[in-house]
A.B. asks: 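Have a look at this one before I ask anything.
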Amino acid sequence: MTDSISVSEAPEAPAPEAKTRARRPVRTEVMPVLERLAALYPKLFGAEFLPLKRGIYQDLQEAHPGSFEAAQLKAALAFHTRSSRYLAALAGGRSRFDLAGKAVEALAPEHVYQALLEVFRRRQARSEEDLTPKLVARIARAQQVSGLSVRDYAERMRSRDEAANANLDAAMVEAQALEAKGEALQRAHAASGQSVEAFAEMYGLDVRDVRRLLGKNA
């Protein structure tokens, strides 16, 4: 059910008029299922949303045989994974979680990127502030933790959307600058002989930023 962000996690937004007409009956229909899921799995569907593992629909059917009508469960999961809160969880880059609340697989870099774009689109539509710089910075950070080189990341994320590609290019410039800064910081840290904490304090830096740039766990 949630195997592909293009299908169930970041769908193409309908026209405003169609969205107004279609969302109300769907929401009424799926809310009882979503409320039950929140009661059964508060860590996944409760106050905080977590990215769901691929195949979560089948897992739910196997865990609760006969308890959920197939079409209603599919509709509820589709509604859930299209929500802004869920997309924000994906954009945060957290792992995917199973029904036990255990992180079981990393998010694909493409899913994180697409979620970032969709969250930006929705927030920008409600804001008078230009949120593009924040989007660019978020994409640059996503590239850093993706395990992909700047070149590979840019190639994999490039699309036919010219505006998105312009922001991607700006983010890759920022990512290259961060990469260069990280390399310089690594050389300075190695030469200092100090712990990460002492090194950060010595230069008046946030230890979390230093750990990230050095590629160490916080």
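Below, all heavy atoms of this structure are taken into account, side chains as well, without hydrogens, waters or symmetry copies.
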A.B. asks: Among pairs that include at least one residue of residues 160-169, which meet side chain to side chain donor-acceptor pair (under 3.5 Å), considering only residues two or more places apart or in two chains?
C.D. replies: R158-D169
A.B. asks: For the pair Y153 and Y113, name the ring-plane relationship: parallel under 30°, tilted 30 to 60°, perpendicular over 60°.
C.D. replies: perpendicular
A.B. asks: Can you hop from L44 to V104 via hydrophobic side chains spaced under 4.5 Å?
C.D. replies: no
A.B. asks: Can you tell me how far OG of S146 sits from CD of E110, rounded to the nearest 0.5 angstrom?
C.D. replies: 9.0 Å
A.B. asks: Can a salt bridge be assigned to the pair R82 and E118 using a cut-off of 4.0 Å between side-chain N and carboxylate O?
C.D. replies: no
A.B. asks: After noting the C-alpha distance and the side-chain angles of K74 and E69, does the key distance pass the salt bridge (Lys or Arg N to Asp or Glu O under 4.0 Å) rule?
C.D. replies: CA-CA 9 Å; K74 287 181 180 179; E69 197 277 324; over 6 Å; no
A.B. asks: Do the side-chain N and O atoms of R36 and H64 include a donor-acceptor pair separated by under 3.5 angstrom?
C.D. replies: no
A.B. asks: Should Q124 and R121 count as side-chain neighbours, where that means a heavy-atom distance under 4.5 Å?
C.D. replies: no
A.B. asks: Mind checking whether V112 and L90 have side chains closer than 4.5 Å, heavy atoms only?
C.D. replies: no
A.B. asks: Just checking, K43 and F97: is the charged tip under 6.0 Å from the six-membered ring centre and within 45° of the axis?
C.D. replies: no
A.B. asks: State whether a side-chain donor-acceptor pair under 3.5 Å links E62 with Q58.
C.D. replies: yes
A.B. asks: Counting C-beta onward and ignoring hydrogens, is there a side-chain heavy-atom pair between L87 and T81 closer than 4.5 Å?
C.D. replies: no
A.B. asks: Do V136 and V119 sit in one hydrophobic cluster, given that two such residues count as connected whenever their side-chain heavy atoms are within less than 4.5 Å of each other, even indirectly?
C.D. replies: no
A.B. asks: How about CD on E35, more than 12 heavy atoms from neighbouring residues, nucleotides or ligands closer than 6.0 Å, or not?
C.D. replies: yes
A.B. asks: I'd like to know if E174 and R138 make a salt bridge, using a cut-off of under 4.0 Å between side-chain N and carboxylate O.
C.D. replies: no
A.B. asks: Between R54 and E105, is there a side-chain N and carboxylate O pair less than 4.0 Å apart?
C.D. replies: yes
A.B. asks: Hey, can you tell me if F45 and H80 have their rings parallel, tilted or perpendicular (30° and 60° cut-offs)?
C.D. replies: tilted
A.B. asks: With clusters defined by side-chain heavy atoms of hydrophobic residues (ILVMFWY) lying less than 4.5 Å apart, directly or transitively, does M31 cluster with L73?
C.D. replies: yes
